[in-house]
Amino acid sequence: MRSPSAVSIALALLSTWLIWGSTYLAIRFGVEDIPPFMMASTRFLIAGGLMFAWLKWRGEPLPSRQQARNAAVIGLMMLAGGNGAVTYAEQQISSGVAALGVAIVPLLTVLVARFWGHHSSRLEWLGILVGFAGIVMLNLGASLKASPAGAALLIFAAAIWAVASVWGKYLELPKGLMSSAIQMLAAGAALALLSVVCGERLTAMPSWKAIGSLAYLTVLGSMIAYSAFSFLLLHVRPALASSYAYVNPMVAVFLGWWLGGEHIGAAEVGAMLTILTAVAIVVLQQVRGKG
């Protein structure tokens, strides 16, 4: 298999950095009118269904049963578990704080990788300690202090996403975009079931802002950015693939302030600087290939 070009990798990174950074605000706008699990399931079922239909139209072969099962498991963990938890949490917390909480993914990824034989260097351990200090600071801020359930959901989302990111590299998955399509279909089905179990329903016609947010999340957040992330997981180091967490909080905080009327206090600003410093330490260490 040919190695991807530097341009392809750069475009994929930009997609995860900028598009995913903006999806936190889109989620917040969406859950104002659409129940969280209903919105997430609709997003992934449409995106996954369209991608699967397009791939079959192009003549792509169906994956083996094992490949499909592995992709479904990763989709359930990352999208139903990770993204579903963030979507639910954003009913209670701001988009910027949600992005900050998820920023610990690269730190958790380093910890999880130890179970697959990867040993952390001293510098990486320093980054992990600094990062968790930032999470403590974030929980002392007004946003998460007032919502312990939101804080727990963010930590759960980051943890399950990190586990799936590392584990997925050791599983036989469908080739190319077929993996993303199956992951989204599996997650969408699981979230739809959860929506029914929780008794979610629309009480009124969603606003155009909510509908536009759902469309944005479906096309850009899922079909483009998530496929770009799956591409990066296969072709670059895990820490570089998860470096979106280094940029997403800044994008989310800026957009939340500019378009969403959100305010970030001193504790959140301090936590952001601390967490981003920690992520920078870990990512730099991994990109340079030391340890």
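Everything numeric here is computed off the predicted structure, so don't read it as measured data.
- Residues Leu232 and Leu13 come closest through the heavy atom pair CD1-CD2, 3.7 Å.
- Checked options Val163, Leu171, Leu79; the residue passing with Ile74 is Leu171 (criterion: side-chain contact (heavy atoms from CB on, under 4.5 Å)).
- With values rounded to the nearest 0.5 angstrom, Phe29 atom CZ is found 13.0 Å from Ile34 atom CD1.
- Distance check, rounded to the nearest 0.5 Å: CE of Met223 to OG of Ser180 gives 10.5 Å.
- For Ser179, the side-chain contact (heavy atoms from CB on, under 4.5 Å) partners are Ala71, Leu173, Pro174, Gln183, not counting sequence neighbours.
- In this structure, Lys56 places its NZ atom where more than 12 heavy-atom neighbours from other residues, nucleotides or ligands lie under 6.0 Å away.
- No donor-acceptor pair closer than 3.5 Å links the side chain of Asn248 to the backbone N or O of Tyr24.
- Linking Ile, Leu, Val, Met, Phe, Trp and Tyr whenever their side-chain heavy atoms come within less than 4.5 Å leaves Tyr216 and Trp208 in two separate clusters.
- Among all heavy-atom pairs drawn from Gly101 and Leu154, the shortest one is CA-CD1, 4.1 Å.
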**OP:** Just do the side-chain contact (heavy atoms from CB on, under 4.5 Å) check on Leu55 and Phe52 with the steps written out, would you?
**Re:** CA-CA 5 Å; Leu55 290 169; Phe52 185 84; 5.7 Å; no
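- Taking the six-membered ring for Trp and thresholds of 30 and 60 degrees, Trp161 and Phe229 have ring planes inclined between 30 and 60 degrees apart.
- Electrostatic pairing of Glu32 and Arg28 counts as a salt bridge here, judged by a charged N lying under 4.0 Å from a carboxylate O.
- Side chain of Ser227 to backbone of Ile224: no donor-acceptor contact under 3.5 angstrom is found.
- Residues Leu273 and Trp257 fall within the same hydrophobic cluster, defined by Ile, Leu, Val, Met, Phe, Trp and Tyr side chains chained together at heavy-atom separations under 4.5 Å.
- Nearest heavy atoms, Pro36 versus Thr87: O-CG2, 3.5 Å.
- In Tyr88, the OH atom is not crowded: 12 or fewer heavy atoms of neighbouring residues, nucleotides or ligands sit closer than 6.0 Å.
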Original post:
side-chain contact (heavy atoms from CB on, under 4.5 Å) between Val197 and Phe37: does it pass, once the steps are laid out?
Top reply: CA-CA 10 Å; Val197 171; Phe37 297 134; over 6 Å; no
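- One distance of note links CG of Leu202 with CE of Met39; it measures 11.5 Å at 0.5 Å rounding.
- Put simply, the side chain of Leu153 does not reach to within 4.5 Å of the side chain of Val86, judged on heavy atoms.
- Counting only distance, with no hydrogens or angles, the side chain of Gln92 and the backbone of Ala149 share no donor-acceptor pair below 3.5 Å.
- The OG1 atom of Thr218 lies 5.0 Å from the CD1 atom of Ile46; values are rounded to the nearest 0.5 Å.
- Counting only heavy atoms from C-beta outward, the side chains of Arg201 and Pro35 never approach each other to under 4.5 Å.
- Here the closest heavy-atom approach between residue Ser15 and residue Ala225 is recorded as O-CB, 3.9 Å.
- Note: Trp20 and Tyr244 meet the aromatic proximity criterion, with ring centroids under 6.0 Å apart.
- When side chains are defined from C-beta on, Met205 counts as touching Ile211, because their heavy atoms get closer than 4.5 Å.
- Between Trp167 and Met77, the closest side-chain pair of non-hydrogen atoms falls below 4.5 Å.
- A pairwise comparison of heavy atoms in Gly221 and Thr23 identifies CA-CG2, 3.9 Å as the closest pair.
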Subject >> side-chain contact (heavy atoms from CB on, under 4.5 Å) between Ile27 and Arg43, intermediate numbers included >> reply: CA-CA 11 Å; Ile27 289 172; Arg43 163 190 178 181; 4.2 Å; yes
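- In terms of heavy-atom proximity, Phe44 sits nearest to Ala187 at CD1-CB, 4.5 Å.
- A continuous path of Ile, Leu, Val, Met, Phe, Trp and Tyr side chains, each step under 4.5 Å between heavy atoms, connects Tyr226 with Leu18, placing both in one hydrophobic cluster.
- Interatomic distance, CD of Glu200 versus OG of Ser41, reported as 7.5 Å (0.5 Å rounding).
- For the atom pair CG (Leu191) and CG (Leu45), the distance works out to 8.0 Å, reported to the nearest 0.5 Å.
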